[in-house]
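This report refers to the structure that appears directly beneath it.
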Amino acid sequence: MAQVSLNNISKIFPGGIKAVDKVNLGVENKEFMILVGPSGCGKSTTLRMVAGLEEISQGDIYIGDKKVNDVPAKDRDIAMVFQNYALYPHMTAFENMAFGLKLRHYPRIEINQRVNEAADILGIKRLLNRKPRELSGGERQRVAVGRAIVRKPMVFLFDEPLSNLDAKMRVQMRTEIHKLHIRLQTTIIYVTHDQVEAMTMGDKVAVMKDGVLHQVADPITVYDHPKNKFVAGFIGSPPMNFMKGKVIKKDGRIYFDEGKIQVKLVDDMHQKLYPYIGKEVILGIRSEDIYDKLFVSQAPPENIVKVNCEVVEPMGSEVYLYLNTGKHTFIARVGAHDRPGVNQDIDVVFDMSKVHFFDKDSEETIV
């Protein structure tokens, strides 16, 4: 069994710089766990501590039932795929993939079998006699993944493996790595700053910021029920829209008053927001939960918002509208044929059943 457990893991660099702060994380056997967060959040340092490439300042790491704090990297039964591929330039693809097995004195027949088997899985058999300089970025990445596969480790570690690829190749390699996980049924911990990768690839997503783990859940839960404003704003493309305003009571109903616009809260939110009446909160709404045209005619008047369309950004099958209330700018994502003119005043509708509210001071989710 290849569970990975991080118990109160911290990394403090010289000068008292705390890169990772008391992280607790459990990765189940055969699970695909994504560590995601902005640059400098501590995700790669966490991965390197699991790999044994970085010393642990405090806490314990277990791989299976074995505590590995003091176990050398080579004895941890893990394989790591790096951002820069880390291929030996003077070796062929075959030699790169076989190198780790040769160091461990595997028989030549088994080395040939494992390398060819991995090359078949990755579709790079025709490339085995080429050197890295003769390969494209995507091909080099496949060789790097192949070098990890031949080891047949308990755990695969990926450190931003797609960041050097172009957009089209990233999409293709995302699919390939996902299929690889299904085929190999091995535990994977995958680090990325790209929230699209996080949402599309992982069984679970662990969101980090400033060395702190903020939320761990499946991608849909993180998207629909973010624990705080940071998670809500980081996960999703385009990011969630935020507006500051007050919770007010009017005619026996509770409203969010932004200063220029007012929207009525749904009944389910009253209980949690009642203590905030007269106080400032932050409203969050995703771009796809802001509707225009047809929905305006069907919506209650209290949810219709008058805005100015400042920018229209065509994205192919859909359009991003950059809208201004006079106090806040936010983005709506609508169908490609629903675009208004630039600088046009329009009505849009907030789907109030899908808005989020955050405490202004703690930025934790209220509802």
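Fair warning: this is a prediction, and the values are worked out from it, not measured in the lab.
Val355 and Met240 are not part of a single hydrophobic cluster, where members link through side-chain heavy atoms under 4.5 Å apart. Residues Ile285 and Phe357 are members of one and the same hydrophobic cluster, defined by side-chain heavy-atom contacts under 4.5 angstrom among Ile, Leu, Val, Met, Phe, Trp and Tyr. Cluster membership for Phe156 and Ile63, using ILVMFWY side-chain heavy atoms within less than 4.5 angstrom, is not shared. Under the 4.5 Å side-chain heavy-atom criterion for Ile, Leu, Val, Met, Phe, Trp and Tyr, Phe242 and Val263 are members of distinct hydrophobic clusters. A chain of hydrophobic side-chain contacts below 4.5 Å, direct or via other Ile, Leu, Val, Met, Phe, Trp or Tyr residues, connects Val145 to Val150.
From Ile149, atom CD1 reaches atom CD of Glu117 across 9.5 Å, with rounding to the nearest 0.5 Å. Atom-to-atom distance recorded for Leu6:CG and Leu35:CG is 8.5 Å, nearest 0.5 angstrom. Rounding to the nearest 0.5 angstrom, the gap separating the CD1 atom in Ile304 from the CD atom in Gln262 is 14.0 Å. For the atom pair CZ of Arg151 and CE of Met80, the computed distance is 12.5 Å after rounding to the nearest 0.5 Å. In this structure, OG1 in Thr365 is found 9.5 Å from NZ in Lys227, a value given to the nearest 0.5 Å. To the nearest 0.5 Å, the span separating OH on Tyr291 from CZ on Arg333 amounts to 11.0 Å.
Summarising the hydrophobic clusters (Ile, Leu, Val, Met, Phe, Trp, Tyr; side-chain heavy atoms under 4.5 Å, direct or chained), the residues clustered with Ile248 are Tyr255. Taking a 4.5 Å side-chain heavy-atom cut-off between Ile, Leu, Val, Met, Phe, Trp and Tyr, the cluster of Val311 extends to Met315, Tyr320, Tyr322, Ile331.
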Checklist entry - Stepwise, does the side chain to side chain donor-acceptor pair (under 3.5 Å) test hold for Asn324 with Asn308? => result CA-CA 5 Å; Asn324 195 318; Asn308 178 260; over 6 Å; no
Checklist entry - Given Lys131 and Glu134, is the salt bridge (Lys or Arg N to Asp or Glu O under 4.0 Å) satisfied, shown in steps? => result CA-CA 6 Å; Lys131 292 184 177 178; Glu134 300 170 307; over 6 Å; no
Item to check | Audit row: Val50, Val155, side-chain contact (heavy atoms from CB on, under 4.5 Å) steps and yes/no | outcome: CA-CA 10 Å; Val50 174; Val155 181; 5.5 Å; no
Next on the checklist: Go through it in stages, so that I can follow the logic: the residues are Arg147 and Leu87, the test is side-chain contact (heavy atoms from CB on, under 4.5 Å), and I'd like the CA-CA distance, side-chain angles, deciding distance and then a yes or no.
Outcome noted: CA-CA 9 Å; Arg147 182 177 54 193; Leu87 299 177; 3.8 Å; yes
Next on the checklist: Show, in sequence, the C-alpha distance, side-chain angles and deciding distance for Lys354 and Glu288, and conclude whether the side-chain contact (heavy atoms from CB on, under 4.5 Å) test is met.
Outcome noted: CA-CA 10 Å; Lys354 295 182 179 177; Glu288 65 267 25; over 6 Å; no
Next on the checklist: Does Glu176 form a side-chain contact (heavy atoms from CB on, under 4.5 Å) with Leu180? I'd like the steps, not just the answer.
Outcome noted: CA-CA 6 Å; Glu176 293 298 325; Leu180 191 65; over 6 Å; no
Checklist entry - Between Glu31 and Lys204, is a salt bridge (Lys or Arg N to Asp or Glu O under 4.0 Å) present by the stated rule, with each step listed? => result CA-CA 8 Å; Glu31 190 169 63; Lys204 292 270 186 70; 3.5 Å; yes
Checklist entry - Should Asn24 and Asn8 be marked as a side chain to side chain donor-acceptor pair (under 3.5 Å) after you check the CA-CA gap, both sets of side-chain angles, and the distance that decides it? => result CA-CA 5 Å; Asn24 288 285; Asn8 272 320; 3.3 Å; yes
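Nearest heavy-atom pair across Pro226 and His356 is CD-CE1, 3.6 Å. In terms of heavy-atom proximity, Ala198 sits nearest to Pro219 at O-CG, 4.1 Å. Considering all non-hydrogen atoms of both residues, Gly137 and Tyr85 come closest at O-OH, 3.7 Å. Annotation for Pro132 and Arg140: closest pair O-NE, 2.9 Å, computed over non-hydrogen atoms. Here the closest heavy-atom approach between residue Gly335 and residue Val319 is recorded as O-CG2, 4.0 Å. When all heavy atoms of Ala51 and Leu157 are compared, the closest pair comes out as CB-CD1, 3.5 Å.
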Please list, one pair per line, the donor and acceptor atoms closer than 3.5 Å that link side chains of residues 97-110 to other protein atoms, with sequence neighbours excluded.
from, atom 1, to, atom 2, distance (Å)
Arg104, NH1, Gly100, O, 3.1
Glu110, OE2, Arg114, NE, 3.2
Glu110, OE2, Arg114, NH2, 3.0

Enumerate donor-acceptor pairs with a distance under 3.5 Å from any side-chain N or O in residues 121-129 to protein atoms, sequence neighbours excluded.
none

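Judged as a ring pair (Phe, Tyr, Trp, His ring centres under 6.0 Å), the pairs with a partner in residues 214-237 (not counting sequence neighbours) are, in order, His214-Phe230, Phe230-Phe234. The salt bridge (Lys or Arg N to Asp or Glu O under 4.0 Å) contacts involving residues 228-254 comprise Arg253-Asp267, where partners must be two or more places apart or lie in separate chains. Within the structure, every pair that satisfies the salt bridge (Lys or Arg N to Asp or Glu O under 4.0 Å) test and touches residues 3-27, not counting sequence neighbours, is listed here: Lys11-Glu54, Lys18-Asp21. The salt bridge (Lys or Arg N to Asp or Glu O under 4.0 Å) analysis of residues 231-241, with sequence neighbours excluded, yields no pairs. Identified under the salt bridge (Lys or Arg N to Asp or Glu O under 4.0 Å) test for residues 296-311, with sequence neighbours left out: Lys264-Glu302, Lys306-Asp347.
Remark: Tyr190 pairs with Phe32, Phe158 by the ring-ring contact (aromatic ring centres under 6.0 Å, His included) rule, at least two apart or across chains. For the side chain to side chain contact (heavy atoms under 4.5 Å, CB included) test, residues two or more places apart in sequence or in another chain that qualify with Pro72 are Lys74, Asp75. Scanning for side chain to side chain contact (heavy atoms under 4.5 Å, CB included) contacts around Ser136 gives Glu139, with sequence neighbours left out.
Looking at Asn69, its side chain does come within 3.5 Å of a backbone N or O of Gly59 through a donor-acceptor pair. Without hydrogens or angle criteria, Ser57 side chain to Ile12 main chain gives a donor-acceptor distance under 3.5 Å. Here the side chain of Ser287 pairs no donor or acceptor atom with the backbone of Ala332 at under 3.5 angstrom. Checked by atom type and distance alone, the side chain of Thr192 never pairs as donor or acceptor with a backbone atom of Glu197 at under 3.5 Å. Judged purely by atom type and a 3.5 angstrom limit, Arg76 uses its side chain to pair as donor or acceptor with the backbone of Val71. When atom types are taken as modelled, the side chain of Arg174 and the backbone of Val196 share no donor-acceptor pair closer than 3.5 angstrom. Listed for the Asn303 side chain is no donor-acceptor partner under 3.5 Å among the backbone atoms of Val349. Side chain of Arg170 to main chain of Ser163: no donor-acceptor pair is present (N/O by atom type, distance under 3.5 Å, no hydrogens or angles).
Checking Asn241, Ile346, Val305 one by one against Leu323, the side chain to side chain contact (heavy atoms under 4.5 Å, CB included) holds for a single residue, Ile346.
Side-chain rings of Phe350 and Phe330 approach one another, their centers coming within less than 6.0 Å.
For the pair Val20 and Ser10, the minimum side-chain heavy-atom distance is 4.5 Å or more.
Within 6.0 Å of CD on Gln271 lie no more than 12 heavy atoms contributed by other residues, nucleotides or ligands.
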